[in-house]
J.: 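Mind having a look at this structure? Questions to follow.
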Amino acid sequence: MEEQRKIKIDVVVPPYSGHLFPILELIKPLINDEKYDLCVYSGVKRQEFLEKLGLKHVPVLPDKPTFFEDIANTPEKTNAFIYWKQFKRNISQVPEIAREFEEGFKKRNPDVVIADFIAIPAGLIAKKMDIPWITSIPTPFAIESKTTTPSYMGGWYPREGFLYKLRDSFGRFVIRSFKRIVCVLASKQLKVLDFKLYNENKEENLYSPQSILALGMKELEFRDDYPKQVIWAGPCLSEFDVKDYTLEDISKFKKSILVTNGTHLLWGKNNLVRIVEELSSKFPDVCFIVSLGNINGKGKPVIKSRDNVHIYEYIDYGAVLPVVDYVIHHGGAGILYNAIKYNKPSVIIPHDYDQFDFAVRGKIADIGIPAKLKDINSIENALRELLNRKEWNNLKKVSEKYREYNPSEVLKNEIDRLMKEKVNR
């Protein structure tokens, strides 16, 4: 009997935790499935970790091992100038990255490519080579809105009325104009990809026209103008790094709170500790468990800057969330959905990027209370409201809905569908 050929899946994802771990959780059931042959393209520093999982790994820009981290880990809050510097550094490497993907795909001849939503060259090379392409996106609202309130405008809430429709229309115009300017400035580098910003349906060519897996929850979304190929697959929360962490005894405190602003946002770490220490004096019966998000500091001794402030260099969400009562976080996709998973009410203090839009959705869905980073009174008031509130009925409902999603099954179905469509063309 002839042995069935394995389905070759090439996965392209930047090495950032917020991008890499959701995709790894998405493909986790496929890793040891004899039906599939998986290969991951990512940063050099992730090679050992990926190979330990049993995955083939192709390093991207192997002669520039810190390239991706240097771009993401900005020493200060992003602004127009920093965005421009990040863009220039990114775009300068597009021809080289595109060449590496094309060579890799020719060598591997994958049946399907799964590309993280910011791994744009991978999807475009797959399209050029007529390889079915799936976009994976843990921040679905990054997809440009057509008729609704736009994202990345500092956290706009959807409102009714003519003036708000005008505001939203202006916001969408600003975003489209910014992208067009960027494409003009990068036309030389993008030439290798034969890139056009929009397709005939006036949708972005940044994402797959065949399949977009939204690794989020429809229950948190107020928009209804997504492209038809978007499928709400559900959040993918990593359990690759859950270990037996030794937590300090917190039993003498009435309540406990995990405080984190993720693995990036280096500029916000010291400020985070300062905020927590200020809060700790006003809430002495609450234990604040701070994770600085430094994965390289895993296992380092806990620092107790105060009796009720325990500072860890790094602690896995899955290890600490089951034992705390609440969360104070920055509105990153990973911690927001982990708080939902473990049914933990939150104070959401957005710092940068898409976090303002997650905070908006958290407020509308009534799973958390937003606060302003630069206003300690806002944070203190939000924390008091959090501690005094007795019931979070909608959070409980959303947490139950979270368990109904099965992203990996959605992925398998999409792989099968795309392969059948290609055969039948």
J.: Compare all side-chain heavy atoms of Ile120 with those of Val94 and state whether any distance is below 4.5 angstrom.
T.: no
J.: If you measure from CG on Leu124 to CG on Leu206, what distance do you get to the nearest 0.5 Å?
T.: 7.5 Å
J.: Of all residues at least two apart in sequence or in a different chain, which pass the ring-ring contact (aromatic ring centres under 6.0 Å, His included) check with Phe358?
T.: Phe141
J.: Does a side chain donor of either Arg384 or Asn381 reach within less than 3.5 Å of an acceptor in the other side chain?
T.: no
J.: Which heavy-atom pair separates Ser291 from Ile315 by the least distance, and what is that distance?
T.: OG-N, 3.4 Å
J.: Set out, in order, the CA-CA distance, both residues' side-chain angles and the distance that settles side chain to side chain donor-acceptor pair (under 3.5 Å) for Ser305 and Glu277, then state yes or no.
T.: CA-CA 8 Å; Ser305 62; Glu277 289 180 340; 2.8 Å; yes
J.: Which heavy atom of Lys196 sits nearest to which heavy atom of Asn205, and what is that distance?
T.: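 Looking at all heavy atoms of both residues, the closest pair is O-ND2, 2.6 Å.
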J.: Got a salt bridge between Glu409 and Lys412, using NZ or NE/NH1/NH2 to carboxylate O under 4.0 Å?
T.: yes
J.: Could you report the tightest heavy-atom contact between Lys372 and Ile349, atom names first, then the distance?
T.: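 Heavy-atom minimum between the residues: C-CG2, 4.1 Å.
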J.: Closer than 4.0 angstrom, basic N to acidic O: yes or no for Lys35 and Asp416?
T.: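 Yes.
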J.: Who passes ring-ring contact (aromatic ring centres under 6.0 Å, His included) against Phe195, sequence neighbours left out?
T.: none
J.: Answer yes if the side chains of Ser136 and Asp116 hold a donor-acceptor pair under 3.5 Å, and no otherwise.
T.: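 Note: Ser136 and Asp116 side chains miss the donor-acceptor criterion.
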J.: Is there a side-chain contact between Asp366 and Leu395 (heavy atoms, below 4.5 Å)?
T.: no
J.: Taking the side chain as everything from C-beta on, heavy atoms only, tell me whether Lys179 gets closer than 4.5 Å to Leu197.
T.: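 Yes. Closest side-chain heavy atoms under 4.5 Å.
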J.: Considering residues at least two apart in sequence or located in another chain, which fulfil the side chain to side chain contact (heavy atoms under 4.5 Å, CB included) criterion with Asp285?
T.: Lys254
J.: For residues Trp232 and Tyr226, establish whether the separation of their ring centroids is below 6.0 Å.
T.: yes
J.: Under 4.0 Å between a side-chain nitrogen and a carboxylate oxygen: does that hold for Lys8 and Asp111?
T.: no
J.: Look only at the side chain of Ser211 and the backbone of Glu414, and say whether a donor-acceptor pair between them is shorter than 3.5 Å.
T.: no
J.: Apply side chain to side chain donor-acceptor pair (under 3.5 Å) to Tyr198 and Glu144, showing your working.
T.: CA-CA 11 Å; Tyr198 298 104; Glu144 198 174 293; 2.9 Å; yes
J.: If you measure from NZ on Lys255 to CD1 on Ile250, what distance do you get to the nearest 0.5 Å?
T.: 11.5 Å
J.: Check this for me: does any side-chain nitrogen of one of Glu203 and Lys146 sit under 4.0 Å from a carboxylate oxygen of the other?
T.: yes
J.: Is there a side-chain contact between Leu279 and Glu380 in this structure, where contact means two heavy atoms from C-beta onward sitting under 4.5 Å apart?
T.: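 Yes - at least one pair of side-chain heavy atoms lies under 4.5 Å apart.
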J.: So, using side chain to side chain contact (heavy atoms under 4.5 Å, CB included) as the criterion, who are the partners of Ser408 when residues are at least two apart?
T.: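 Side chain to side chain contact (heavy atoms under 4.5 Å, CB included) check on Ser408 returns Pro29, Asn406.
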J.: Heavy atoms, side chains only, cut-off 4.5 Å: are Phe117 and Pro138 in contact?
T.: yes
J.: Would you indicate whether the side-chain heavy atoms of Ile114 and Val12 approach each other to under 4.5 Å?
T.: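 No - every pair of side-chain heavy atoms lies 4.5 Å or more apart.
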J.: Please check if the distance between the ring centroids of Phe21 and Phe49 is under 6.0 Å.
T.: yes
J.: Less than 4.5 Å apart, any side-chain heavy atom of Asn271 and any of Val273?
T.: no
J.: Taking only residues two or more places apart in sequence or in another chain, which ones pass ring-ring contact (aromatic ring centres under 6.0 Å, His included) with Phe105?
T.: Tyr41
J.: Under a 4.0 Å threshold between the charged nitrogen and the carboxylate oxygen, would Arg99 count as salt-bridged to Glu102?
T.: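 No.
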J.: Checking side chain to side chain contact (heavy atoms under 4.5 Å, CB included) for the pair Arg361/Ser151: CA distance, chi angles, key distance, verdict?
T.: CA-CA 11 Å; Arg361 285 155 176 79; Ser151 305; 3.9 Å; yes
J.: Write down the atom of Pro407, the atom of Cys236, and the distance for their closest heavy-atom approach.
T.: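 In terms of heavy atoms, the two residues are closest at CB-SG, 3.5 Å.
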J.: Can you give me the closest heavy-atom contact between Pro350 and Ala371, atom names plus distance?
T.: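 Smallest interatomic distance, heavy atoms only, reads CD-O, 3.5 Å.
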J.: Decide, yes or no, whether a salt bridge links Arg223 with Asp225 under the criterion of side-chain N to carboxylate O below 4.0 Å.
T.: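 Yes, Arg223 and Asp225 are salt-bridged.
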J.: My understanding is that only residues two or more places apart in sequence, or in another chain, count here; which of them pass ring-ring contact (aromatic ring centres under 6.0 Å, His included) with Tyr337?
T.: none
J.: Taking atom CD of Glu391 as the centre, does the number of heavy atoms from other residues, nucleotides or ligands within less than 6.0 Å exceed 12?
T.: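 No - once you tally the heavy atoms of other residues, nucleotides and ligands closer than 6.0 Å, there are 12 at most.
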J.: Taking the side chain as C-beta and beyond, is there a heavy-atom pair between Leu292 and Tyr314 under 4.5 Å?
T.: no
